Amino acid sequence: MSISHKVLVVGNGGREHALAWSLLQSDQVTKVVCAPGNGGTARLSGCENRAISVDDFQSLEMIVQEEEIDFVIIGPELPLALGITDILQKKGIKVFGPTQIAAQIESSKAWAKELFKSAAIPTAASETFSEIEGAKAYLKEKGAPIVIKADGLAAGKGVIIAMSPTEADQAVETLFSEGYQKLVIEEYLEGQEVSVLAVTDGLDFRLLLPAQDHKRIGEGNTGLNTGGMGAYCPAPILTPALEEQVKETILAPTIRELRKRGIDYCGVLYAGLMISPEGVAKILEFNCRFGDPETQVILPLLKTPLDEIILACINQRLGEFPPLEWHQGHAVCVIAASGGYPCSYNKGNLITGVKTEQVSDALIFHSGTTYQGDNLLTNGGRVLGVTGIGSDLNTARSKAYATLESISFEGIYYRRDIGNY
Ligand code: AMP
Ligand code: GLY
């Protein structure tokens, strides 16, 4: 018996375009509605945009009823932290994404650190402070380098790595003066970072292929932090032995601890890990959603239909789900950004060279784009991502860059070193 699904994807980034595209690869998905979506999801065959913002829960609920949506996938952290899952679930709607309490694993660094400590999950030693004097006394005791993290969603701007005691003091003052109520101060860890995303139904979990993203704006990992300027998958740093370690010492205990607290976590647990030179994985942070741009390299390699995985999580049947299947090969995503990003930039510049999302072995996932008539215009800092797919990393990278060369808009900027590691 064939089943058909209509899915609502909430969000407007490259991640949501990749989710919509991946869902529509499945024979069972008849329609995707994206709210609010972007230029890419507007023209994706089988997908429709609705101009509803991600925190307008009432209108989102209406769309679910009107369109007879079978389940909803929440892309970004903001609506999760605001409790969208709780609200939709109360209306009997199936949602892939954690509840508000569970989303604190991303939205509150202090909550997350407390959870790691009580479950003995390897992480940087830390203390949480709600007043400046205590924080400064701790800094004096610990010296530098040291890491100061704001408690609360901060769009990647709430983490300061202080290389000197003066910088550390300043960071504490700045973050408290910006209105954050709590700060986490933690040990500086050396090593290599890797993103490991797991899907979970609250009982079991399955790892997606590991990916590495490039957060800094400049080549050679220099300059300001961004939402992510590119990514590649799979990341060879996650050897099979490390994968086992991450499962046993980080993911399984996290899910056990959540359950102990009465939390059935349904969604993505995205572990941002630091791998020490000795090969020990520690958790830097959890995100409660798919990563962007990681999703743009992970999903093109996924062979198992995404809707089946999501439904297994929603129905709490992941334990009996067959092993996830993957295409052989590698994916590299390069983000093209508006000049000036991550600071100020112009919108409304004409984009040329983008016809469809699929160009031979490259996929174009839009983020900050919009259509005005038939003109595709820039509409954000990260404008689009090009994912090249190949039998090896070099081929994948060459395909991404070759496709990018045919795309242009005023001020286009992208890093030329994505996937070099
Ligand atoms: P987070 O939001 O906690 O992942 O932090 C953002 C980025 O800051 C991470 O991706 C790391 O590059 C860096 N970072 C966070 N915590 C630490 C730490 N304890 N030691 C070194 N770098 C860190
Ligand atoms: N690529 C980083 C993130 O999604 O948070």
Side-chain angles (χ1 to χ4, degrees), residues 11 13-16 18-19 74-78 80-81 103 105-113 116 121-128 142 144-163 168 171 175 180 183-197 208 210-217 221-233 235 250 267-277 280-299 333-335 337 342 365 367 381-382 385 415 418:
R15 162 182 52 211
E16 287 75 21
L19 284 165
I74 315 297
E77 61 276 23
L78 179 73
L80 292 166
I105 205 156
E106 173 167 4
S107 67
S108 168
K109 301 265 187 211
W111 191 88
K113 288 299 274 196
F116 302 156
I121 294 165
T123 187
S126 73
E127 290 286 340
T128 299
K142 295 290 172 188
I146 195 145
V147 182
I148 297 123
K149 300 184 171 185
D151 186 59
L153 291 183
K157 294 189 189 110
V159 175
I160 297 169
I161 298 176
M163 298 315 285
L175 291 173
Y180 290 106
L183 302 184
V184 171
I185 302 184
E186 74 177 30
E187 172 197 7
Y188 174 79
L189 298 177
E190 307 252 12
Q192 274 223 57
E193 283 183 62
V194 63
S195 308
V196 177
L197 280 70
L208 305 182
Q212 220 162 8
D213 78 340
H214 301 256
K215 288 199 173 73
R216 302 295 191 95
I217 187 72
N221 296 325
T222 54
L224 294 174
N225 245 340
T226 70
M229 293 303 293
Y232 65 94
C233 176
I250 296 177
V268 173
L269 268 174
Y270 160 154
L273 303 166
M274 186 71 90
I275 312 295
S276 76
V280 176
K282 291 191 176 176
I283 182 84
L284 291 178
E285 64 161 352
F286 268 117
N287 292 320
C288 63
R289 51 170 174 84
F290 284 103
D292 194 352
E294 289 91 331
T295 304
Q296 300 176 57
V297 285
I298 295 171
L299 293 184
C333 172
V334 183
I335 299 290
F365 294 123
S367 18
R382 290 192 289 176
R415 280 179 58 167
I418 301 301

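Counting starts at 1 for both ligands and their atoms, in listed order. Keep in mind the model is a prediction, meaning the values are calculated, not measured.
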Pro293 vs His214 side-chain heavy atoms within contact, under 4.5 Å: no

Evaluate the side-chain proximity of Ile74 to Arg289: yes if any heavy-atom separation is below 4.5 Å, no if none is. no

Who are the residue neighbours of ligand 2 when the rule is a heavy atom under 4.0 Å from any of its atoms? Asp213, Gly227, Tyr270, Asn287, Arg289, Gly291, Asp292, Pro293, Glu294

Nearest 0.5 angstrom please: Ser107 OG to Glu77 CD, how far? 9.5 Å

Give the minimum heavy-atom separation between Arg15 and Asp292, together with the two atoms involved. N-OD2, 3.2 Å

Kindly confirm or rule out an N or O of Asn225 lying under 3.5 angstrom from an N or O of ligand 1. no

Closest protein heavy atom (residue, atom, distance) for atom 17 (C) of ligand 1: Leu284 CD2, 3.5 Å

Closest non-hydrogen protein atom to atom 8 (O) of ligand 1, residue and atom name please, with distance? Val159 CG1, 3.6 Å

Out of all atoms in ligand 1, which are within 4.0 Å of some heavy atom of Glu186? Include the element for each. 16 (N), 17 (C), 18 (C), 19 (N)

Do me a favour and list the nearest non-hydrogen protein atom to atom 16 (N) of ligand 1 with residue, atom name and distance? Lys149 NZ, 3.0 Å

Residue, atom and distance of the protein heavy atom nearest atom 12 (O) of ligand 1 read Glu193 OE2, 2.4 Å

Can a donor-acceptor pair be found, under 3.5 Å and without considering hydrogens, that links the side chain of Glu285 to the backbone of Glu106? no

Sort out for me which residue in Thr295, Leu197, Asn287 forms a side chain to side chain contact (heavy atoms under 4.5 Å, CB included) with Val268. Leu197

Proximal candidate to atom 23 (C) of ligand 1 [heavy atom criterion; set Ile161, Leu189, Ile283]: Ile161

Within the structure, is a non-hydrogen atom of Glu190 found at a distance of less than 4.0 Å from ligand 1? no

Can you find a heavy atom in the side chain of Phe290 that is under 4.5 Å from one in the side chain of Leu208? yes

Residues that Glu186 engages under side-chain hydrogen bond (donor to acceptor under 3.5 Å, both in side chains), provided they are two or more places apart: Lys113, Lys149

With heavy-atom distances below 4.0 Å as the criterion, list the atoms of ligand 1 near Tyr188. 20 (N), 21 (C)

Do the side chains of Asp151 and Leu183 get nearer than 4.5 Å, heavy atoms only? no

Is there a donor-acceptor pair closer than 3.5 Å between any side-chain N or O of Arg415 and the backbone N or O of Gly230? no

